[in-house]
Amino acid sequence: MQKQNKKSAAALVCAAIMLAGCAGPENKITSSSFIAMDTYISATLYGDNGKEAAGKIKEEILRLEGLFSVTDEKSDLWRINHTAGGNARVSPDTAEIIGKTLEICEKSGGALDITLYPVVAEWGFTGNEYKIPGEDILKSLLENTDYRRVKVTGDTVSVPEGFQIDLGASAKGYAGDKIIGIMKAEGVSSAIVNLGGNVQTLGAKPDGSDWNIGIQDPFGEGYIGTLRVKDKAVVTSGGYERYFEENGKRYWHIIDPSDGYPADNGIVSATVIGDSGMFCDAMSTALFVMGTDKSQEYWRKHRDFEMILVGDDGTVTVSEGIYESFSPSEGVKVDLIK
């Protein structure tokens, strides 16, 4: 069995391409990097107020990790999952992220479902002890999944007996939104943050130009192209991030709630661009599960984000709002979604 986890390496490479040429020597630069939320996190802030903000960023990320960890016995999520059938009191942040993520579960028609944790764990993706579960086991586990049965009332969250939730599809995005807020409060007007491949930008580069974000090639180590953005979140969900191979078949960590198997609907990478990191984080997972046709249909109906989809046949499709801002790598053909 071949095991892979390319997320950290990809994030480091992505950070390098994003920050190249961002600022001249006249700009005061504060950089911070650390490991949290099971990933490599980096932030680069420009201007006089960066140092104070950088310290608060790390504190905030570690605080949120303590609330959202599914394995920490002191976390809100642990308390929810071990008070199944009852009400668990949680922090305002936990109630907020669960409520907002449930909204995306609903809007996506269940393509995203935060109650899939037991299924993901059975595949071994939570502890890197990979295996292919039996069909009967998956059917049994799926009986205790349904995001619609998770209830948030004020500062209490309840899930039915036998249910467990996980916020892996939205926690990093939520954390990104929070630290963008911290930087704004500290007077920082130009910054870029990378939370394990979740990229969020504050304003433009110090010279007023756009940030250049590399979009990972899901079939290799390079990029399918670069995207020019300012004041946006850019989040990718891809089958290349965490997977294992057995008997020549690849099984990745993004699970389809309809059958409990890794999503196999024609997409190998879904990138969402928008104002909210949490929304983009959750929606990129939902689109990956939906597949190409349903994702395009969803985008045409809502149009409250932009997207870049890479199909399993290598086809790259880009939504109309960012088409002119995307520069494909040599040899990459792009189809327009409008």
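Nothing fancy with the numbering, it's 1 onward along the sequence.
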Margin query: Could you tell me if R250 sits above the aromatic ring of W252, with its cationic atom closer than 6.0 Å to the ring centre and no more than 45 degrees from the axis?
Written below: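 No cation-pi geometry.
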For the pair [X] (side chain) and [Y] (backbone), establish whether a donor and an acceptor sit closer than 3.5 Å, ignoring hydrogens and angles.
| X | Y | answer |
| --- | --- | --- |
| T201 | D231 | yes |
| T145 | L142 | yes |
| H253 | R242 | yes |
| S108 | C105 | yes |
| R228 | W211 | no |
| S295 | L287 | yes |
| D217 | Y223 | no |
| S190 | A204 | yes |
| N265 | V289 | yes |
| E306 | G321 | yes |

Salt bridge or not for [X] and [Y], using N-O below 4.0 Å?
| X | Y | answer |
| --- | --- | --- |
| E122 | K131 | yes |
| K172 | D281 | no |
| D304 | K107 | yes |

Once rounded to the nearest 0.5 Å, what's the spacing between atom [atom1] of [X] and atom [atom2] of [Y]?
| X | Y | atom1 | atom2 | answer |
| --- | --- | --- | --- | --- |
| T101 | I114 | OG1 | CD1 | 6.0 Å |
| T317 | L309 | OG1 | CG | 4.0 Å |
| N212 | T226 | CG | OG1 | 5.5 Å |
| Y174 | I98 | OH | CD1 | 10.5 Å |
| L116 | D113 | CG | CG | 4.5 Å |
| L112 | I255 | CG | CD1 | 13.0 Å |

Next item on the list: Please check if any side-chain donor atom of R149 sits under 3.5 Å from a side-chain acceptor atom of T115, or the reverse.
Entry: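 The answer is no; no qualifying pair exists.
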Notebook entry, point to check: If you measure only the distance, is there a donor-acceptor pair under 3.5 Å linking the side chains of Y240 and Q216?
Noted result: no
Could you state whether [X] and [Y] fall into the same hydrophobic cluster, counting links through intermediate Ile, Leu, Val, Met, Phe, Trp or Tyr residues with side-chain heavy atoms under 4.5 angstrom apart?
| X | Y | value |
| --- | --- | --- |
| M283 | V235 | no |
| V316 | F219 | yes |
| I182 | L62 | no |

Margin query: Run the salt bridge (Lys or Arg N to Asp or Glu O under 4.0 Å) test against K139 and tell me which residues pass, sequence neighbours left out.
Written below: E135
Notebook entry, point to check: How far apart are the C-alpha atoms of I41 and I61, what are their side-chain angles, what is the distance that settles it, and do they pass the side chain to side chain contact (heavy atoms under 4.5 Å, CB included) test?
Noted result: CA-CA 9 Å; I41 295 173; I61 293 288; 3.7 Å; yes
Note to self: Which residues pass the ring pair (Phe, Tyr, Trp, His ring centres under 6.0 Å) test with W123, not counting sequence neighbours?
What the structure shows: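 Partners of W123 under the ring pair (Phe, Tyr, Trp, His ring centres under 6.0 Å) test: Y251, Y261.
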Can you list every pair that meets side-chain hydrogen bond (donor to acceptor under 3.5 Å, both in side chains) and has a residue in [range], with sequence neighbours left out?
| range | value |
| --- | --- |
| residues 50-67 | K56-E186, E60-R63, R63-D93 |
| residues 73-82 | D76-R79, D76-S91, D76-T94 |
| residues 267-278 | D177-S276, K232-D275, T236-T271 |

Item checked: Pairs touching residues 85-115 that satisfy ring pair (Phe, Tyr, Trp, His ring centres under 6.0 Å), sequence neighbours left out -> none
